[in-house]
Amino acid sequence: MILPPATLGMLGGGQLGRFFVSAAHEMGYKVWVLDPDPHSPAGMLADHHLVVAYEDYAALDALAAQCAAVTTEFENVPAATLDYLAKFVPVHPAASAVAVCQNRIAEKTFLAGHGLPHGPFAAIRDDDDIRAADGALFPAVLKVARFGYDGKGQARVADREQALAAFHQFKGEPCVLEKMLSLDGELSVVLARDEAGAVQCFPAAENRHRNGILDVTIAPAQVAAAVPAGLPAQAQAIAERIAGELGYVGTLGVEFFVCDGELVVNEMAPRPHNSGHHTIDACDVSQYEQQVRALCGLALARPRQHSVAVMVNLLGELWYADHKGHGAYREPDWSVLHAVPGLRLHLYSKHHARPGRKMGHFTVTGANAAQVLELALRARAAIGIDDE
Ligand code: ADP
Ligand code: MG
């Protein structure tokens, strides 16, 4: 068991890492963050920030020497970096689990190999793979196998011709070609698993995306028209199986599509998940505290969600006069949000707002799901997010 005031290592310095640093600090730990960006949101809060590349082995030696254990908030940390650190210090999740989640071909192959529900797909490594792909996959989405996020590295393609063109635009990077599914909705499950295999799930959440980026999370998932009763519990069971098969230790996010009333696993995130931000404000333990607990070998908490929550992401375009990324650059008027009862604003102190960049979020909590959703959507409109 790793106890305070031990130092923990975090690979990646984004907002997920920032919330981990906060949780670890509250529990009495120190945190070293490694991230090449000198302005990284987590680096700013950390006890020490190594501003170096993930392959800087001298810095990895320093991290291993200082830290009692190391984790990640960024799925694209090179597996070799995790493997190297693991020679000197406990690393959770393991490189092997991260490697599956960071490559869409490995991820889909893992799901298929374990009989887990997934959408129809083909692995694309060259033009011939596209020519040979099942015609029933079209219309489809072509996604680069690695380094895609927030809808980046994806192209919607109507037919084989368009798929070839998109593949060339991605410079022949390995891809997956996924059948475009008609979605009734999207769910996610965040869980934590410890080294002994004990798992604690948060209630499943319902997610609404906009331009391929998470927009709104409603938690717990509203078992209404779009979400058949029983599906949230099924999603938890599937996520738990995935964590077990991966030998996963830490906080894991699993995204699901709901298609024809059934669950399809979309993807896994080997870290806390955007759709689990509300656990800070609406649960008695957050996904970040669970990450600390799993990393340090403390008993996982059994999460209790005490409030209904709606989380709204705040993207960089809000910082521009037209709220779409054009015109004068200025800070949004946060007083509008602070006036809303039950609303908590979280800003990540990112250096510069770019359209589509996650800059912050707010969470509205309360007792009545319909009321909380209405308040949150009204606040979302009031700050300037429109639905065109
Ligand atoms: P990211 O890594 O950017 O989150 P995802 O694969 O999760 O990439 O895609 C982002 C969003 O795009 C999904 O949450 C979903 O709304 C939509 N999407 C992705 N793939 C499909 C698909 N095969 N069919 C329908 N919608 C999809
Ligand atoms: Mg996703």
Side-chain angles (χ1 to χ4, degrees), residues 12 14-16 73-77 98 100-112 116-124 133-134 136-159 162-163 166 170 173-190 204-218 221 226-227 235 238-239 242 251-277 311 313 315-316 354-358 361 387:
Q15 60 272 16
L16 302 170
E73 62 102 45
F74 173 56
E75 66 257 45
N76 291 320
V77 171
V98 174
V100 170
C101 303
Q102 74 185 185
N103 181 315
R104 293 188 196 275
I105 296 176
E107 190 172 49
K108 293 268 194 287
T109 306
F110 165 87
L111 294 171
L116 291 156
H118 58 87
F121 77 100
I124 306 296
D134 187 346
L137 289 175
F138 296 102
V141 196
L142 187 73
K143 304 180 179 177
V144 290
R146 291 211 54 190
F147 302 113
Y149 70 99
D150 288 347
K152 292 188 180 65
Q154 299 194 11
R156 301 195 164 200
V157 292
D159 52 33
Q162 288 186 7
F170 294 149
E173 277 291 310
C175 286
V176 292
L177 184 68
E178 289 183 26
K179 184 180 172 63
M180 175 69 74
L181 300 170
S182 152
L183 309 183
D184 306 335
E186 299 188 58
L187 297 182
S188 58
V189 170
V190 173
E206 186 178 327
N207 299 318
R208 299 183 183 171
H209 290 78
R210 198 180 173 222
N211 304 324
I213 308 179
L214 183 63
D215 178 19
V216 173
T217 293
I218 304 165
V227 184
I238 293 170
I242 289 173
T251 294
L252 172 76
V254 181
E255 299 179 11
F256 296 87
F257 296 146
V258 183
C259 298
D260 300 322
E262 299 206 355
L263 290 169
V264 170
V265 177
N266 171 26
E267 59 172 350
M268 292 96 80
R271 49 167 173 78
H273 194 265
N274 190 169
S275 69
H277 281 338
M311 189 278 319
N313 269 336
L315 305 181
R354 259 185 286 106
R357 190 175 197 200
K358 290 171 178 167
H361 72 271
D387 280 310

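When a ligand or atom number is given, it counts from 1 through the structure's own listing order.
- To the nearest 0.5 Å, the span separating CZ on F121 from CG on L142 amounts to 13.5 Å.
- Nearest to atom 16 (O) of ligand 1 by heavy atom, out of E186, E267, K179, is E186.
- Contacts between R104 and ligand 1 below 4.0 angstrom, taking non-hydrogen atoms only, involve the side chain exclusively.
- Note on D150: not counted as a metal contact of the Mg ion (ligand 2), no N/O/S atom lying under 2.8 Å.
- Surrounding CG of D387 are more than 12 heavy atoms belonging to other residues, nucleotides or ligands, all under 6.0 Å away.
- Residue D150 has at least one nitrogen or oxygen atom sitting less than 3.5 Å from a nitrogen or oxygen atom of ligand 1, judged on distance alone.
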(request) Before giving the answer on side chain to side chain contact (heavy atoms under 4.5 Å, CB included), spell out for H361 and T217 the whole-Å C-alpha distance, their side-chain angles and the decisive distance to 0.1 Å. (result) CA-CA 11 Å; H361 72 271; T217 293; over 6 Å; no
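- Residue contacts with ligand 1, taken as heavy atom pairs separated by less than 4.0 Å, involve N266 solely via side-chain atoms from C-beta onward.
- Only the side chain of L183 comes within 4.0 Å of ligand 1, counting heavy atoms alone; its backbone N, CA, C and O stay farther away.
- Taking any N or O of G212, backbone or side chain, none lies under 3.5 Å from an N or O belonging to ligand 1.
- For a threshold of 3.5 Å applied to N or O pairs, the pair formed by E255 and ligand 1 contains at least one separation below that value.
- Residue-ligand proximity, H209 to ligand 1, at heavy-atom distances under 4.0 Å covers atoms 14 (O), 16 (O).
- With hydrogens and angles ignored, the 3.5 Å screen pairs no side-chain donor or acceptor of E75 with any backbone N or O of C101.
- Of the protein's non-hydrogen atoms, the one nearest atom 18 (N) of ligand 1 is F257 CZ, 3.8 Å.
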(request) Might you work through the salt bridge (charged side-chain N to carboxylate O under 4.0 Å, His left out) test for E178 and K143, ending with a clear yes or no? (result) CA-CA 8 Å; E178 289 183 26; K143 304 180 179 177; 3.0 Å; yes
(message) Is there a salt bridge (charged side-chain N to carboxylate O under 4.0 Å, His left out) between E267 and K108? Walk through the geometry before answering.
(response) CA-CA 8 Å; E267 59 172 350; K108 293 268 194 287; over 6 Å; no
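- For E255, the N/O/S atom at the shortest distance from the Mg ion (ligand 2) is named OE1.
- Sorting the N, O or S atoms of E267 by how far they are from the Mg ion (ligand 2) puts OE2 first.
- Under 4.0 Å from ligand 1, heavy atoms of L181 appear from its side chain as well as its backbone.
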